[in-house]
Protein chains: 2
Amino acid sequence: MSSETAPPAERATGPGSRGRYPKGVKRRQEILDRAIEVFAEVGFEGASLRAVGEAIGVSHAALRRYFATREELFLEVLREKDRQAIAEARGRDDSRLGLAESLDDYRSTVPGLMALRHSMVARALELGNERSRDFFRTRYASLRAEALSTLLLAREAGVVRADIPLEAAAALLIATLDGLSTQWLLDPGVDIHGGIVLLERLLEPAPAPR
Amino acid sequence: MSSETAPPAERATGPGSRGRYPKGVKRRQEILDRAIEVFAEVGFEGASLRAVGEAIGVSHAALRRYFATREELFLEVLREKDRQAIAEARGRDDSRLGLAESLDDYRSTVPGLMALRHSMVARALELGNERSRDFFRTRYASLRAEALSTLLLAREAGVVRADIPLEAAAALLIATLDGLSTQWLLDPGVDIHGGIVLLERLLEPAPAPR
DNA sequence: GTCTATACAGGGATAGAC
DNA sequence: GTCTATCCCTGTATAGAC
């Protein structure tokens with residue numbers, strides 16, 4: 001049952017708590033950063049704990065002082081990338097849908113990291129990997145919530161049809177980004193941008209009557 | 001470099017060729033069928049070659065007489081499932097889009113096999129796995145082609161708007177099925193059916209004016 | 001022709017020394 | 001905190017029995 005072996009610096013990253021281990025969190029962040037680089041280079045399968053450790057100049061066993069398991073390290077990498085993406089996304093929030101920008105976010109990540117995300121989602125779908133499952137379930141939930149609020153604004157601004165259920169539309173938006181990216185990753189000839197703008201157009205209120 | 005060690009029964013499955021090994025192809029098919037069962041039970045990660053071999057009552061080394069590599073076995077499983085799906089899909093081809101039916105196809109597959117497909121796509125995105133890459137690239141290409149011809153029929157029947165690029169719409173359809181399924185697999189509370197019918201409605205010619 | 005036996009390199013997890 | 005040593009599992013590869 002793997003009953004809670006109490007990983008050291010688990011939830012000790014909050015800034016305003018009691019006593020911290022400044023050395024510890026710093027090292028942890030360093031591992032995270034180097035791990036991202038390794039993923040970007042060799043992808044998910046190539047990024048063994050030993051490979052990551054070697055890139056830092058540390059044995060693979062040492063990594064487990066900061067990340068209880070390989071899966072945990074992977075999830076933390078994704079969390080970190082999400083944080084970075086959110087930080088970059090600030091400041092360009094208008095009432096437009098802005099799907100093209102979301103797409104650029106998606107694509108800006110190096111190929112290795114895109115593969116990482118896909119591999120992690122796949123793992124989350126497997127039996128057993130509850131941690132990954134929970135992570136992605138809440139991640140997609142918040143993605144949908146974010147899309148929903150954007151859609152609400154867009155509808156008020158009049159750029160989205162008023163007769164469609166926005167919850168379904170939100171799920172549809174996220175699904176489109178995911179699915180088109182998959183096809184584009186497999187075959188760069190696929191016009192992913194065309195698919196995005198098509199969906200954006202389909203959501204618009206009235207097709208110009210002529 | 002792994003320079004072509006000539007796998008035995010590689011392309012010897014065609015029915016009308018020269019001399020066959022009837023015993024061989026039968027055994028191969030048996031392995032395939034049992035492998036599908038194992039995948040359905042334990043998923044992608046749990047289905048090691050040794051596990052599959054054990055389920056058949058054979059050593060793992062024996063499997064490699066029929067499938068040059070683990071990846072090859074996996075791909076063959078997916079090919080087999082595709083064949084079955086195509087066979088079942090015959091007979092219900094009207095001019096409707098029929099997305100709901102496609103969804104049922106998607107869902108009918110046991111969880112383990114859905115995870116298998118996702119895991120294989122993820123692997124195909126990784127560097128190196130060219131076989132998987134090729135398989136899914138052509139697979140998605142033919143899925144899009146199929147969707148395109150369906151969309152053409154639907155447009156002629158008047159159930160799809162005439163002012164949209166159907167190639168982009170085809171990619172969008174496939175992407176939606178993929179993406180929504182991912183969300184639904186992670187969280188059964190997601191109304192995947194709602195997303196599908198929404199897209200179908202968005203593609204319809206004119207929203208009832210009122 | 002088909003399969004078992006066996007070896008190899010590499011993976012993640014873990015225990016205990018320093 | 002980090003290491004080394006070890007365990008058990010994986011896919012791959014080869015030799016040889018029948």
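First the proteins, then the strands, lettered A, B, ... as listed; each starts at 1. The shown structure was predicted, so the numbers you read here are calculated from the model rather than taken from an experiment.
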Rounded interatomic separation in angstrom, taking CZ from B:Phe67 and P from C:dT2: 13 Å
B:Asp178 side chain reached by B:Tyr140 side chain, heavy atoms, under 4.5 Å: yes
Base C:dG11 to side chain A:Arg70, donor-acceptor N/O within 3.5 Å cut-off: no
Atom-pair distance (CD on B:Glu45; C1' on C:dG12), nearest Å: 12 Å
Nearest-Å distance for atom pair CD/C1', residues B:Glu54 and C:dA5: 16 Å
B:Arg27 side-chain N/O to C:dC3 phosphate OP1/OP2 under 4.0 Å: yes
Minimum-distance nucleotide (side-chain atoms of B:His60 versus C:dT6, C:dA5, D:dG11): C:dT6
Whole-Å distance separating the CD atom of A:Glu30 from the P atom of D:dG1: 14 Å
Within 6.0 angstrom of A:Glu71 CD, more than 12 heavy atoms from elsewhere: yes
Touch class at under 4.0 angstrom, heavy-atom based, for B:Ser59 against every strand present: base
Rounded interatomic separation in angstrom, taking CZ from B:Arg123 and P from D:dG11: 9 Å
Atom of A:Val42, atom of B:Glu126 and distance for their closest heavy-atom approach: O-OE1, 4.2 Å
Side-chain N or O of A:Arg64 closer than 4.0 Å to phosphate OP1/OP2 of C:dT14: yes
Phosphate contact (C:dT2 OP1 or OP2) by B:Arg65 side-chain N/O below 4.0 Å: no
Short side-chain N/O contact to C:dG12 OP1/OP2 from A:Thr69, under 4.0 Å: no
Candidate nucleotides C:dT14, D:dT14, D:dG11, ranked by approach to the side chain of B:Ala61 - the nearest: D:dT14
Length of the CG-P vector between B:Leu49 and C:dG11, whole Å: 18 Å
Donor + acceptor pair across side chains of A:Asp33, A:Gln29 (<3.5 Å): yes
Length of the line joining B:Arg131:CZ and D:dT12:P, which is rounded to integer Å: 12 Å
Minimum-distance pair of heavy atoms, taken over all atoms of A:Arg28 and A:Tyr66: NH1-O, 3.0 Å
Separation of D:dG11 C1' from B:Phe44 CZ (nearest whole Å): 12 Å
Phosphate-side-chain proximity, A:Tyr66 and D:dG1, N/O vs OP1/OP2 below 4.0 Å: no
